[in-house]
Undergrad: 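There's a structure below that I have some questions on.
Model, not experiment: these values are computed from the prediction. First listed ligand is number 1; within each ligand, the first listed atom is number 1.
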Amino acid sequence: MCGIIGIVSDAHSGAREILLNGLERLEYRGYDSAGVALVDESTAIYKTAGRVAALRRMVGASADAGTGIAHTRWATHGPPSETNSHPHKDCKGRVVVVHNGIIENFSTLKKALQDDGHQFVSQTDTEVFAHLFEDELAALDKVDLENATAAFRRTISKLDGQYAIVTSVAGLPGVLFAARSHAPLLAGLADGMTLFASDATAVVEHTKQVVYLEDGDLAVATPEGLHLFDIDGKTIERAPQTISWDIEDAQKGGYDHFMLKEIYDGPRAINDALAGRLFPTPPHVRLELGMDDARLRGIGRILILACGTSFHAGMVGKYVIEKLVGIPVEVAYSSEYRYGSEVREEPGLAVAISQSGETADTLAALREARSRGHTVLSVCNVVGSTIARESDGVLYIQSGPEIGVAATKSFLGQLCALYLLAFRLAEIQGTLPASDLRELERGLQHTSRLVDQVLQKSETIAEQAALIAKADSCFFLGRQVLYPIALEGALKLKEISYIHAEGYSGGELKHGPFALLTPDTPVVALLAPDGVYSKMASNIIEVKARGPQVFIVTTASDTEAEQLGDHVIRVPDTEAIFTPLTHAAALHLLSYHAAAARGCEIDKPRNLAKSVTVE
Ligand code: AGP
């Protein structure tokens with residue numbers, strides 16, 4: 001997820017401050033590098049790795065223009081660097097472009113353009129657009145507004161994937177082109193000025209009149225106003241809306257907390273983790289693992305290293321990989337594994353899971369695993385992070401910045417990455433019939449809609465959370481692939497509501513923790529249509545007999561839940577293997593509402609940090 005902003009005005013100055021201030025408002029969307037293009041008779045481009053403040057220092061107070069585009073980046077393709085930061089340009093420097101999203105067919109397009117002699121300077125997908133537009137403009141007899149607009153349409157028609165694009169063409173002063181497909185983009189309408197931006201935060205101080213572009217909309221902006229049209233050039237009418245949010249709200253998209261916004265980003269995080277990785281033709285699962293097929297075929301065991309929520313994702317990965325691939329998977333806390341250097345291990349594949357890519361324990365564990373001969377694959381969110389850079393291969397989850405300390409959308413992205421890894425290994429090692437794999441791939445692609453349906457249950461979940469919020473202690477129970485989700489639910493409740501909570505395998509409670517059960521100790525039990533449903537039901541009956549309130553999370557067609565528990569949260573039916581996604585979404589909401597009911601500081605819980613870069 002990145003932040004983009006553009007302005008076109010009838011002045012010859014003013015754009016610099018509007019663009020830089022707008023980028024600062026958008027930094028919550030991404031902040032690993034930034035850039036700006038000031039467009040007048042000529043185009044001046046300034047780009048840097050680092051935050052917008054570094055860019056502001058680079059630009060200084062001299063350069064200015066009336067038109068420009070700017071970008072603050074969250075890297076998805078190509079690590080954070082000056083070269084990979086936006087704006088990008090074509091070979092001649094006539095086209096400059098900023099982009100938010102993922103152009104899924106960029107590899108194919110880039111190869112064709114390179115075969116035609118185009119020189120690329122970055123590793124980004126975005127740069128492909130600049131060279132495509134260059135070709136379309138070069139084919140024109142005359143570069144005027146009408147012809148350039150048609151060339152822009154033809155260029156956009158070649159892109160697959162998600163994009164919010166804003167671009168300018170030298171020789172066409174006072175004009176910006178824009179397009180939106182599955183990535184947010186709005187236009188701000190002000191006197192003598194038209195802006196584009198990823199969201200209202202960046203424009204609200206200049207205008208409260210905005211037009212929200214829809215998927216498939218293309219636009220031309222001039223100082224006089226905005227013209228919207230579709231890919232065929234047919235004019236589209238969209239009424240301006242008045243922004244009612246203040247700036248702080250706009251950064252949270254109108255949610256009370258970043259954590260809640262990121263929980264509701266869950267379906268998009270699933271789609272983004274799967275984007276460009278599942279195909280209808282072989283190889284059906286395409287991952288940049290840094291290992292060839294022979295190496296993947298020879299993997300006989302896997303070691304997963306992680307901390308906290310990422311450790312819980314690793315535990316789900318264990319169940320899924322062992323079930324689909326049949327190879328043993330060990331999951332170790334990074335902080336424990338790193339101190340076991342006397343252990344001799346058969347070299348295999350170590351998977352380091354880390355949202356931030358900077359967790360000190362996981363970095364140390366990764367280095368320890370490498371010293372024992374393992375190949376290291378990391379599952380990260382932050383492109384170019386230390387753990388990513390020290391790995392042999394990286395599976396980026398592409399979830400965009402996660403601001404809330406409590407990991408939510410990134411957990412769903414990590415699960416998707418591990419499902420994809422399991423599918424790839426099952427395919428290459430031939431452990432599942434192709435038909436079963438295709439069905440699993442389709443099932444995984446469908447889960448974003450299932451999670452969306454879970455999130456629509458927020459009111460029911462909030463009512464139950466209000467009851468849990470009164471407790472001093474709470475248990476979460478799950479079995480098999482839902483045991484890690486019991487641990488995850490307990491961790492979330494602990495870290496944002498400060499209620500003491502424990503996650504247990506359903507069968508374990510009777511081996512001691514039963515002694516803690518009282519009528520005031522709520523128990524959250526997770527059920528799935530799997531081979532241990534009846535065992536889990538028995539555990540719930542045993543628990544109920546000791547008096548606590550039992551809260552059940554189960555699938556829609558479960559017919560016994562009301563008899564088993566006191567409160568039921570139903571998630572949509574899905575294969576048991578995918579219930580970690582649906583049940584985690586429910587528990588993330590449950591912990592959020594419990595913390596809200598207790599008036600806790602949800603985005604920045606006491607004693608915690610988003611990234612634990614110390615031991
Ligand atoms: C999860 O909500 C916590 N923020 C914490 O447990 C976190 O998962 C852990 O510190 C690991 O962080 P990482 O994924 O960035 O390595």
Undergrad: List for me each residue that meets salt bridge (charged side-chain N to carboxylate O under 4.0 Å, His left out) alongside K318, sequence neighbours excluded, and say none if there are none.
TA: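 Once residues adjacent in sequence are excluded, the partners of K318 under the salt bridge (charged side-chain N to carboxylate O under 4.0 Å, His left out) criterion are E322.
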
Undergrad: Pick out which of I304, L421, I397 makes a side chain to side chain contact (heavy atoms under 4.5 Å, CB included) with V379.
TA: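 Only one of I304, L421, I397 forms a side chain to side chain contact (heavy atoms under 4.5 Å, CB included) with V379, namely I397.
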
Undergrad: Taking any residue with a non-hydrogen atom under 4.0 angstrom from an atom of ligand 1, which ones do you get?
TA: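 Answer by chain and number: C307, G308, T309, S310, S354, Q355, S356, T359, V405, A406, A407, L491, K492, E495, V612.
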
Undergrad: Using 0.5 Å steps for rounding, measure from the OH atom of Y255 to the CD1 atom of I263.
TA: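 Atom-to-atom, Y255:OH and I263:CD1 are 10.0 Å apart.
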
Undergrad: Once ring-ring contact (aromatic ring centres under 6.0 Å, His included) is applied, do any residues pair with Y319, and if so which ones, sequence neighbours excluded?
TA: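 Y319 satisfies ring-ring contact (aromatic ring centres under 6.0 Å, His included) with no residue once adjacent residues are dropped.
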
Undergrad: Let me have the donor-acceptor pairs involving side chains of residues 475-493, under 3.5 Å, with sequence neighbours excluded, atom names and distances please.
TA:
residue, atom, partner, partner atom, Å
R479, NE, N539, OD1, 2.9
R479, NH2, N539, OD1, 3.1
E488, OE1, T309, OG1, 2.9
E488, OE1, H312, ND1, 2.8
E488, OE2, T309, OG1, 3.3
E488, OE2, K492, NZ, 2.7
E488, OE2, H588, NE2, 3.0
K492, NZ, T309, OG1, 2.8
K492, NZ, A407, O, 3.0
K492, NZ, E495, OE2, 3.3

Undergrad: How long is the straight-line distance from CD of E463 back to CD1 of I468, given to the nearest 0.5 Å?
TA: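 These two atoms lie 12.5 Å from each other.
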
